[in-house]
Amino acid sequence: MDQAKHRVQSRGRIRARIRGKVTGTGERPRLAVFKSLKHVYVQIIDDASGNTLVSASTHEKDAGAKGANAASAKAVGALIAKKAKDKGIKRVVFDRGGYLYHGNIKALADAARENGLEF
C-alpha cells in the first residue's frame, strides 16, 4: 500500500472515531474542519437537525487569504467566528476532522477563539 493511500485511510478511521464522540446540538453545534491541498473549509453544523448553520472557506472573497497555509486558515477562523456571532452562535464543539491539532488546524482554532467562539 502506498503512503498516500495509507494516510487517507488512517485519517478516515480517526475521523470516524472522533465523529462517534463529537456531535453538535442546537445549543452547541459542531465546528467541522476540512482541508484540501489548495483550500480550507469550515462549517458549523447542527447534527440534531442535520443542517449547516454557517460556513466559510478560502474560496470566499471575505476570507482575505488564498491557499491552504496557516495564514489563510487563520483568516478563515476569524471569518467563521464573525459569521457565527452574526447568527447568535457563541459556543461550539470542535471537530478537527481527523487531522492533527497542529499547524493549519491549530491556527484556525486559535483565530476562531480570539474572535469570540468558545470551545
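Any value given below was found using the heavy atoms of this structure, including those in side chains, with hydrogens, waters and symmetry copies removed. Just so it is clear, the structure is predicted and the values come from calculations on it, not from any experiment.
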>> List the residues meeting ring pair (Phe, Tyr, Trp, His ring centres under 6.0 Å) with Y99, not counting sequence neighbours, and say none if there are none.
In response: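 With sequence neighbours excluded, Y99 shows a ring pair (Phe, Tyr, Trp, His ring centres under 6.0 Å) to no residue whatsoever.
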> Is the closest side-chain heavy-atom distance between R96 and I14 below 4.5 Å?
Replying inline: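 Touching, per the 4.5 Å side-chain cut-off.
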> Heavy atoms, side chains only, cut-off 4.5 Å: are P29 and I45 in contact?
Replying inline: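 Sidechains of I45 and P29: no contact.
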Within 6.0 Å of [atom1] in [X], more than 12 heavy atoms from elsewhere:
X   : atom1 : result
K66 : NZ    : yes
K74 : NZ    : no
R15 : CZ    : no

>> Could you report the tightest heavy-atom contact between S72 and G67, atom names first, then the distance?
In response: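 Shortest heavy-atom contact: OG-O, 2.8 Å.
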>> Which heavy atom of S57 sits nearest to which heavy atom of V76, and what is that distance?
In response: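 Where S57 meets V76 most closely, the heavy atoms are C-CG2, 3.8 Å.
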>> Walk me through whether R19 and D47 qualify under side-chain contact (heavy atoms from CB on, under 4.5 Å).
In response: CA-CA 11 Å; R19 285 290 293 122; D47 288 318; 3.7 Å; yes
>> How long is the straight-line distance from NZ of K82 back to CG of L117, given to the nearest 0.5 Å?
In response: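 Spacing of CG (L117) from NZ (K82) equals 12.5 Å.
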>> For D86 and K83: C-alpha separation, side-chain torsions, deciding distance, then whether salt bridge (charged side-chain N to carboxylate O under 4.0 Å, His left out) applies.
In response: CA-CA 5 Å; D86 294 344; K83 285 184 173 184; over 6 Å; no
> Counting only N and O atoms by type, is there a donor-acceptor contact under 3.5 Å from the side chain of N51 to the main-chain atoms of L53?
Replying inline: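 No; zero donor-acceptor contacts below 3.5 Å.
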> Picking from D95, V54, I80, V22, what satisfies side-chain contact (heavy atoms from CB on, under 4.5 Å) with L31?
Replying inline: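 Result: among D95, V54, I80, V22, I80 is the only option passing the side-chain contact (heavy atoms from CB on, under 4.5 Å) with L31.
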>> Is it the case that the side chains of S10 and R13 hold a donor-acceptor pair, with the cut-off being a distance below 3.5 Å and no angle test?
In response: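 Note: R13 and S10 side chains meet the donor-acceptor criterion.
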> Using the ring of each side chain (for Trp, its six-membered ring), is Y101 parallel, tilted or perpendicular to F94, with breaks at 30° and 60°?
Replying inline: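 Because their plane-to-plane angle is over 60°, the rings of Y101 and F94 count as perpendicular.
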> Any chain of hydrophobic side-chain contacts (each under 4.5 Å) joining Y41 to I44?
Replying inline: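 In one cluster: yes.
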